[in-house]
Number of protein chains: 2
Amino acid sequence: MAKAATVYDVARHAGVSIATVSMAFRRPDRVKESTRDLVFASARALHYVPSASARGLADGRTGVLGLFSFDYFLPSAAPLEPDESCRDFPLYVDEIQRGMELACWQHDYALMIGGPSRAGGTDTVTDIAGHVDGLAVFPQTLPPDALERIAGRIPVVAVSEPPQDDRLSHITVDNRGGMRAVTEHLIRDHARRDLLFVGGLNPAEGRARFAGFRDALRAAGLRVPRKPLVPQTRVTPSGRAAVVLPDDLPMPEAFVCATDDVALDILEILAARGVRVPAEVAVTGFDGIVAGRVARPTLTTVRQPMVEMGRLVVEVLLRHIADPARPPEFCELPVQVVVRESCGC
Amino acid sequence: MAKAATVYDVARHAGVSIATVSMAFRRPDRVKESTRDLVFASARALHYVPSASARGLADGRTGVLGLFSFDYFLPSAAPLEPDESCRDFPLYVDEIQRGMELACWQHDYALMIGGPSRAGGTDTVTDIAGHVDGLAVFPQTLPPDALERIAGRIPVVAVSEPPQDDRLSHITVDNRGGMRAVTEHLIRDHARRDLLFVGGLNPAEGRARFAGFRDALRAAGLRVPRKPLVPQTRVTPSGRAAVVLPDDLPMPEAFVCATDDVALDILEILAARGVRVPAEVAVTGFDGIVAGRVARPTLTTVRQPMVEMGRLVVEVLLRHIADPARPPEFCELPVQVVVRESCGC
DNA sequence: ACCTGCAATCTAAGCGCTTAGATTCAGAAG
DNA sequence: CTTCTGAATCTAAGCGCTTAGATTGCAGGT
């Protein structure tokens, strides 16, 4: 690998100044055609690849958007591989990421993704932030002051519920309405009355979903619980935190779960205990991750428009890059109940 | 968004030189503890986020690896969303990407992904190449001279079969052996004798798989076809190219497909024609993509260790970054037959 | 009191680009 | 002829870091 060619090399080879080389690439219209061809030919001959670092430094933008993804696995996790169940791979974040990819390409941006370094080295978020023109984050996992700091330099949008921190833009979905809708489906179309909500109230998504659950019960004139069942967790061999259910838990008519992840864990537990779903008990989730389509029975859930969310994240970022003075935005997208097998349909 | 703070600002605020600021971050051990704390405090106070461009320029590395992903969709494609079948999202590339992500994080690198710009603007690969210390590509989609050029500046590994272009490292799988194995399963365990191989010979993967198919037939003493059935394609509304089968195609006992994608298309066609799988005809794929687990019947296939491949890609890149003189590597990973419903099991 | 050695810090020279503004030059206008 | 104009190109000043090598100051040795 010979020393990489620079503008200087190309300029010398083409017999022009470095300014002309740069111009030939960035504003081809400002350079006479014959000169331009000459420059391109030299560039090709020298295997010239412009340094994005130099460019970024010189003109203050990088043409890259960032996504700080979180890590669902414990550092010690086994090298996951043959995962028939899709519990490990295309997760919520991955689908959002997909949306961001599509939108980035459309706008001629690249996407940079980082996650908490396993090596435990330096401050990864800041590192990424230094590389990009705008950053998307899933905030639960980040010290708020880091976000604060970064938001002072580039636009940041958080994919999460309520904007406690108002310097950031937020993208979220109608958690409350969605949960109310599935719950009503269970009550109305499957005549379930003894419903158990499973899942924590944290992060804020959980609280909103529980509220939706209660809305539905209240509207149906059923007894409205004060609290959800917040399950214990254990760590699976693949490093995921999986829900466990008390052995003596009285069976409800339906488990209404705060997330698909919880629902799928419960499906597994029930299968292990020989409880038939949906015959004996219904189960519903929230999110619409791929694993819900692979599970048996397939999981009835509330689908977030994840690709769309990713796309929106990018658009919001680009707007703020174009006009840094723009106030933070807050978007709530609609969700959709997806009826599959686990509810009894 | 106030003007972003730089080393100079931090240095002034802390009453030290910029060298000390830089040192405090990069080689904390070389700076007295009290000074370091002072610097960190100032950095925090000023919302300092170091510019990765400046850093990259100064020390010639960026701490980022790149993946040039291809775009499976036509530019005009509808904004894909509610995709119950997983035919659009977690694709082959996405799983490899996942492996790269994990490995990158483990090594304190970030991952940058780019794809052909929809805007049709500048040369995206080169753009990405300029940003990263090493690049992974799926070559079919790239002009070889672009690769050549980039490989002259940074290490490049191609996720693909045979190294015609020996300046690049290659990662691939045992395409021939894997295809032979499923084919033998069909012959041995399901007594199928009239097998039809569907899929093109291009890229090289296809050729190797067809060869494996023929190996199996030959070994079983069956008639060995000279050519595969190379199907026509049509474009789905979501922008994918889908296989079509001639109306008058005589039904074989099994469709042995070069890829899961082809197999899933065929599954769909057969369902539409009322042909029962696997009762009337068996179908197998190759790759092990998620959609194969979601399809009904579930698809018997040959699984590539995609996450592992992604991981390996990263490791090869890092080796070449550490020692640019290292000759290109060529790795072939084993595959695994995954028996599901579509073969008759 | 002076020198040595070492740790802590600083000075200054890039890294490879972009771009404002200066320069050059050919042709048009006077 | 001279002057003016605008296109094409060039000169040079950064952009915000890293780092080799110079400088400083202080503890210890003589």
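Below, chains carry the letters A, B, ... as their sequence lines are ordered, and counting in each starts from 1.
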Margin query: Under a 4.0 Å threshold between the charged nitrogen and the carboxylate oxygen, would A:Arg36 count as salt-bridged to A:Asp29?
Written below: no
Notebook entry, point to check: Passes side-chain contact (heavy atoms from CB on, under 4.5 Å), A:Arg55 versus B:Asp127? Steps please.
Noted result: CA-CA 11 Å; A:Arg55 176 125 68 102; B:Asp127 221 76; 3.5 Å; yes
Margin query: If you take the centroid of each ring, where Trp contributes its six-membered ring, are B:Phe25 and B:Tyr48 closer together than 6.0 Å?
Written below: yes
Name all residues meeting the salt bridge (Lys or Arg N to Asp or Glu O under 4.0 Å) criterion together with [X]; count only those two or more places apart in sequence or in a different chain, and write none if there are none.
X: B:Arg30; result: none
X: B:Glu329; result: B:Arg319, B:Arg326
X: A:Arg44; result: none

Next item on the list: List the protein contact pattern of nucleotides 15-24 of chain C with one symbol per nucleotide (5' to 3'): B for base contact, S for sugar-phosphate-only contact, - for none; contact means a heavy-atom distance under 4.0 Å.
Entry: BBBBB-----
Item checked: Bending between helix ends of the helix from C:dA1-D:dT30 to C:dG30-D:dC1 [5 pairs per end, 10° resolution] -> 60°
Next item on the list: If the plane angle is over 60° it's perpendicular, under 30° parallel, otherwise tilted; pick one for A:Phe89 and B:Phe89.
Entry: tilted
Next item on the list: Could you check whether the rings of B:Phe138 and B:Tyr92 sit parallel, tilted or perpendicular, using 30° and 60° as the cut-offs?
Entry: perpendicular
Next item on the list: Verify whether one side chain among A:Gln106 and A:Glu101 offers a donor that lies under 3.5 Å from an acceptor in the other.
Entry: no
Note to self: Quick one about B:His131 and B:Thr62 (side-chain donor to acceptor, distance below 3.5 Å, no hydrogens or angles considered), yes or no?
What the structure shows: no
Check: Which residues in residues 31-47 of chain A have at least one heavy atom lying under 4.0 Å from any atom of DNA chain D?
Finding: A:Val31, A:Lys32, A:Thr35
